[in-house]
Amino acid sequence: MDAAILNGLLALADPHLLMLIFVATLGGVLVGALPGLNATTGVALLLPFTITMEPIPAIAILTTIYCAATFAGAITAILINTPGTSASATTCLDGYPLAQRGEAGRALGMAAVSSTIGGIISVVCLMAAAPLMARAAYNFAPPEYFALTVFGLSMLATIGDGSPVKNILSGAFGVLVATVGIDLLTSIERFTFGMNELSEGIPFVPVMIGVFGISELLVQADNLHVERKQVIMKAIKLPSREDYSRVWKTILRSSGIGTFIGILPAEGATVASMIGYNEAKRWSKKPEEFGKGSLEGIAGSEAANNSATGGAMVPTLALGIPGSPTAAVILAGLMVHGLRPGPTMFTEQADFAFAIFWSMMLVNVIFFFIGLWGAKIFARVTLIPIQVLWPIVFIFSIVGAYALEQSMMDVWIAIGSGILGFFMRRHGFSVVPMAIGLILGGMLETRLGQSMVMLDEKWWLMLTRPLSLFFFVLTVLALFGPTIWGRFFKQRSPLKSTGE
């Protein structure tokens, strides 16, 4: 393992790779700084352009966009009170009041430092936790993988911004879409409607481009009338040593919270930032300053959401279960390149895995300097009119969808997915569970078929295997536990109110 760590670091000695990471960092900051775009959209749009690359540069670019865009959401959150990504929504609460007081430099500096420390801590945890998790799962058989995939699908209830029922329905639709094509076990065509282009199934990339890119374009078309006010920055004053001494405990605490939340399947940077912000306020000596321009609030939010990026990659690489929506797109990129996340990645492809880890470490250092020196420049980019920005995004979406296989069918799939995603959002259905359901659906079917062959079609024998039973129990608790728990407390509350 030590040799793999060293070989992964040596892979970054390639000047071409270093240049790609630097350019991708700038692009990720640009994507995250533009309101309406986010890390998931940026990774989905860039995915088809990385297919012709070697695996290490391709995945390094995607993870770089992920890390940089998550940080850059703080730039617009602080300067124009509009979070570039949903993970920076809580940063607005204290960042914008500081900017209005002419202290945007302090806010941006604190966001950059907190994001960097949180990101580095999460990558260190990723290097340690992912191989251990993979080693524990190394002896998994198909029944265990099937149960684990079912557990991953159960997390879809909480991953979207809709109701749990709508999220599950959205995820189930994604699983249904994953069944299109020829069944590998029976060689029977399903839902192809006589079109040979669908015999191999619905490709991931056009769907990702459609539901995250084109659907967002249609949503933003409803916001053309929104005017964004920008705070003018005359001089940049960075945080002082006293500021850092006040928030270092908050940064470490939120980094731990974000890494843990990121590791949980289906959670992500948005949930981590909210919990990190709330805990920062809970432990603060001056909670009354929160919402009025507290540096602790910025540190708590930004350290948590950036540390969640490394945490989210732990289940993605070690188990093949995406830890966040963006990690789901990266998982699709791994599969497109013929890589299979799981225990074997750390035995057969350990050099690749640690090269990705080191690239994530590097990007956290790069956007630290960009955050301190380049925020004022990137803030001007937010003045690009939506009428200009989103047509450009649409062009990239169409080109990206076509570039995958030079097939117009992929273009129509992307457009159709975009229209479907728009109407899903319009009626309260999140597109994230559908995208993850599409990715996990194929795994679910394959592992179920392998399990049935292994167990001689006696499915109930999966319940006699301890690990499989463990994951099935977790699935039941994930689906019904909150309801049962809520009813339990609801029944006890009248007794408590009467003094009994």
What are the two closest non-hydrogen atoms of [X] and [Y], and how far apart are they?
| X | Y | answer |
| --- | --- | --- |
| Gly293 | Leu98 | O-CD2, 3.5 Å |
| Thr64 | Ala60 | OG1-O, 2.6 Å |
| Thr316 | Ala327 | OG1-CB, 3.4 Å |
| Ala299 | Val247 | CB-CB, 4.2 Å |
| Gly95 | Ala107 | O-CB, 4.2 Å |
| Thr91 | Ala74 | CG2-CB, 4.3 Å |

Heavy-atom count check: over 12 atoms from other residues, nucleotides or ligands less than 6.0 Å from Glu242 CD?
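Not more than 12 within 6.0 Å, no.
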Begin with the C-alpha distance, continue with both residues' side-chain angles, and end with the deciding distance and a verdict on side chain to side chain donor-acceptor pair (under 3.5 Å) for Thr70 and Thr309.
CA-CA 8 Å; Thr70 302; Thr309 58; 5.8 Å; no
What I'd like to find out is whether the side chain of [X] reaches to under 4.5 Å of the side chain of [Y], using heavy atoms alone.
| X | Y | value |
| --- | --- | --- |
| Val165 | Ile168 | no |
| Ile65 | Leu46 | yes |
| Leu474 | Phe470 | yes |
| Val113 | Phe368 | yes |
| Leu93 | Phe290 | no |
| Phe472 | Leu467 | no |

What's the verdict on side chain to side chain contact (heavy atoms under 4.5 Å, CB included) for Arg425 and Val431, showing C-alpha distance, side-chain angles and the deciding distance?
CA-CA 7 Å; Arg425 294 185 181 193; Val431 299; 3.8 Å; yes
Short side-chain donor-acceptor distance under 3.5 Å, [Y] and [X]:
| X | Y | result |
| --- | --- | --- |
| Ser122 | Thr259 | no |
| Ser301 | Ser273 | no |
| Glu279 | Ser254 | no |

Look only at the side chain of Ser215 and the backbone of Val211, and say whether a donor-acceptor pair between them is shorter than 3.5 Å.
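Present.
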Quick check against the 3.5 Å criterion: does Thr50 have a side-chain atom that pairs as donor or acceptor with the backbone of Leu47?
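Looks like yes, one N/O pair under 3.5 Å.
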Approximate separation, where rounding is to 0.5 Å, of [X] [atom1] and [Y] [atom2]:
| X | Y | atom1 | atom2 | value |
| --- | --- | --- | --- | --- |
| Ser255 | Phe260 | OG | CZ | 15.0 Å |
| Leu45 | Ile214 | CG | CD1 | 9.0 Å |
| Leu334 | Leu62 | CG | CG | 8.0 Å |
| Thr250 | Lys281 | OG1 | NZ | 13.5 Å |
| Asn167 | Met434 | CG | CE | 12.5 Å |
| Leu17 | Ile21 | CG | CD1 | 4.0 Å |

Run the numbers on Val43 and Ile330 for side chain to side chain contact (heavy atoms under 4.5 Å, CB included), then give the verdict.
CA-CA 7 Å; Val43 173; Ile330 295 175; 4.1 Å; yes
For Ser170 and Ser430: C-alpha separation, side-chain torsions, deciding distance, then whether side chain to side chain donor-acceptor pair (under 3.5 Å) applies.
CA-CA 7 Å; Ser170 177; Ser430 174; over 6 Å; no
Go through Leu339 and Phe352 one step at a time and tell me if the side chain to side chain contact (heavy atoms under 4.5 Å, CB included) criterion holds.
CA-CA 10 Å; Leu339 301 169; Phe352 165 81; 3.4 Å; yes
Should His427 and Lys166 be marked as a side chain to side chain contact (heavy atoms under 4.5 Å, CB included) after you check the CA-CA gap, both sets of side-chain angles, and the distance that decides it?
CA-CA 10 Å; His427 293 89; Lys166 288 185 176 181; 5.6 Å; no
Before we go on, tell me: are the rings of Phe429 and Phe173 under 6.0 Å apart, centre to centre?
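Ring centroids of Phe429 and Phe173 are no less than 6.0 Å from each other.
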Stepwise side chain to side chain donor-acceptor pair (under 3.5 Å) check, Ser115 with Asn306
CA-CA 5 Å; Ser115 298; Asn306 280 271; 2.9 Å; yes
